[in-house]
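This chain uses plain numbering: 1 for the first residue, then up along the sequence.
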Amino acid sequence: MREFDPLDGALLIDKPVGPTSHDVVDAIRRQFQIKKVGHCGTLDPNATGLLIIVLGRGTKLSEKMMSADKIYEGAIKLGETTDSYDADGELTASLPVPPLTLEQLNETAAAFVGDLMQLPPMVSAVKKDGVPLYKLARKGIEVERKERLVHIYSFRFTGYRHPLGQFRVACTKGTYVRTLAHDLGQKLGCGAHLAALRRLTSGRFAVADALPLDHVLAFSRTQLEQRVIPFLKLAREA
């Protein structure tokens with residue numbers, strides 16, 4: 001049996017605003033000359049927080065690790081609907097926001113707790129006939145999408161200052177928090193989009209244990225090895 005390399009495992013990154021998840025993978029691959037690098041769960045460019053990077057033989061565990069439940073926090077802007085369901089998209093509708101209290105917001109949010117059928121947004125990495133939907137969306141093409149079953153364990157607002165509501169959500173893999181924000185806006189009758197998002201946890205891994213990307217890219221190979229969660233530990237605990 002081939003011995004494990006010190007870089008066979010996973011690395012916890014606190015992703016900044018700007019790069020895509022794939023950009024982070026590419027940066028680490030180039031900087032440390034590692035052939036096999038992947039990630040466990042996409043974060044949109046404007047999203048921040050926990051991004052699990054798998055290295056070497058750790059990539060074999062990516063599917064198992066991606067299946068873990070997630071916790072996010074963020075902000076939803078009421079009164080504005082966008083085509084991507086987040087702040088990156090084009091504004092498609094602007095409506096007045098009715099007077100709302102935090103309690104009323106949480107009453108509406110509670111309706112989304114439990115099993116939920118979600119329609120992925122057109123601006124997403126979901127593929128149609130092998131082509132990511134966002135590539136079709138850029139060409140102005142909208143195609144029929146299949147709803148997917150997700151589960152929302154909890155969805156609560158922790159603060160509200162018109163028109164922004166701060167929230168926290170715990171959910172299964174594959175949940176589009178952008179879609180949750182959009183659907184909440186539709187239910188309120190004023191529209192809404194996701195203004196900010198941060199992933200706090202994925203399975204047993206937490207952003208509190210992650211390192212900023214720029215810190216990691218400044219590491220020597222030895223320093224990187226010291227931060228890698230070894231393959232065998234991942235296999236036991238993932």
Side-chain angles (χ1 to χ4, degrees), residues 10-25 27-28 38-54 62 65-78 80-82 84-89 102 105-106 108-110 112-113 116 118 120-121 123-126 134 150-185 192-217 227 229:
L11 193 63
L12 306 184
I13 299 291
D14 186 347
K15 189 187 91 66
V17 168
T20 65
S21 300
H22 190 66
D23 289 339
V24 175
V25 167
I28 291 172
H39 67 79
C40 301
T42 301
L43 281 176
D44 291 331
N46 268 346
T48 67
L50 180 63
L51 183 65
I52 302 174
I53 299 294
V54 280
S62 60
M65 293 172 68
M66 272 194 277
S67 67
D69 296 334
K70 316 286 194 297
I71 297 177
Y72 298 90
E73 66 180 12
I76 293 173
K77 185 174 184 180
L78 304 180
E80 293 182 354
T81 303
T82 71
S84 64
Y85 301 171
D86 65 9
D88 276 346
L102 185 61
L105 274 178
N106 278 323
T108 305
F112 293 92
V113 173
L116 191 66
Q118 270 197 338
V123 183
S124 67
V126 173
Y134 68 83
V150 299
H151 187 85
I152 309 298
Y153 297 103
S154 66
F155 179 27
R156 285 193 61 80
F157 283 86
T158 56
Y160 177 60
R161 186 173 181 179
H162 174 83
L164 287 176
Q166 307 294 325
F167 72 92
R168 181 177 284 222
V169 61
C171 54
T172 53
K173 75 159 189 174
T175 300
Y176 276 95
V177 184
R178 285 186 283 148
T179 298
L180 197 61
H182 174 84
D183 292 349
L184 176 97
H193 68 264
L194 185 66
L197 187 68
R198 182 167 176 77
R199 184 187 287 156
L200 301 179
T201 70
S202 178
R204 69 175 189 86
F205 302 104
V207 72
D209 299 317
L211 290 171
L213 177 62
D214 58 347
H215 288 199
V216 172
L217 294 178
R227 295 296 306 201
I229 303 167

Donor-acceptor under 3.5 Å ([X] side chain, [Y] main chain):
{"X": "Lys15", "Y": "Ala47", "result": "yes"}
{"X": "Ser21", "Y": "Leu43", "result": "yes"}
{"X": "Arg178", "Y": "Ser84", "result": "yes"}
{"X": "Arg227", "Y": "Leu211", "result": "no"}
{"X": "Thr175", "Y": "Val150", "result": "no"}
{"X": "Asp44", "Y": "Asn46", "result": "no"}
{"X": "Lys70", "Y": "Ala68", "result": "yes"}

Answer whether the closest heavy-atom distance between the side chains of [X] and [Y] falls below 4.5 Å.
{"X": "Ile13", "Y": "Ile28", "result": "yes"}
{"X": "Phe167", "Y": "Leu194", "result": "yes"}
{"X": "Val169", "Y": "Ile71", "result": "no"}
{"X": "Glu73", "Y": "Thr158", "result": "no"}

Where [X] and [Y] come nearest, the two heavy atoms and their spacing:
{"X": "Ala192", "Y": "Thr81", "answer": "N-OG1, 3.7 Å"}
{"X": "Gly41", "Y": "Leu51", "answer": "O-CD1, 3.3 Å"}
{"X": "Leu50", "Y": "Val207", "answer": "N-CG2, 3.7 Å"}
{"X": "Ile52", "Y": "Ala10", "answer": "CG2-CB, 4.2 Å"}
{"X": "His39", "Y": "Thr42", "answer": "CE1-OG1, 3.3 Å"}
{"X": "Pro19", "Y": "Val17", "answer": "CD-O, 3.3 Å"}

Drop me the distance from Leu184's CG to Leu78's CG, to the nearest 0.5 angstrom. 7.0 Å
Return the NZ to NE2 distance between Lys77 and His162, rounded to the nearest 0.5 Å. 9.0 Å
Testing Ile229, Ile53, Val54 for side chain to side chain contact (heavy atoms under 4.5 Å, CB included) with Leu11, which one passes? Ile53
Could you please spell out the steps behind the side-chain contact (heavy atoms from CB on, under 4.5 Å) verdict for Leu116 and Leu180? CA-CA 10 Å; Leu116 191 66; Leu180 197 61; 4.0 Å; yes
Run Arg168 and Arg156 through side-chain contact (heavy atoms from CB on, under 4.5 Å) and show every step you take. CA-CA 6 Å; Arg168 181 177 284 222; Arg156 285 193 61 80; 5.9 Å; no
Ring geometry between His182 and Tyr85 (parallel below 30°, tilted from 30 to 60°, perpendicular above 60°): parallel
Could you tell me how the ring of Phe157 sits relative to the ring of Phe155: parallel (under 30°), tilted (30 to 60°) or perpendicular (over 60°)? tilted
Does the distance from a Lys or Arg side-chain N to an Asp or Glu carboxylate O, for Arg198 and Asp14, drop under 4.0 Å? yes
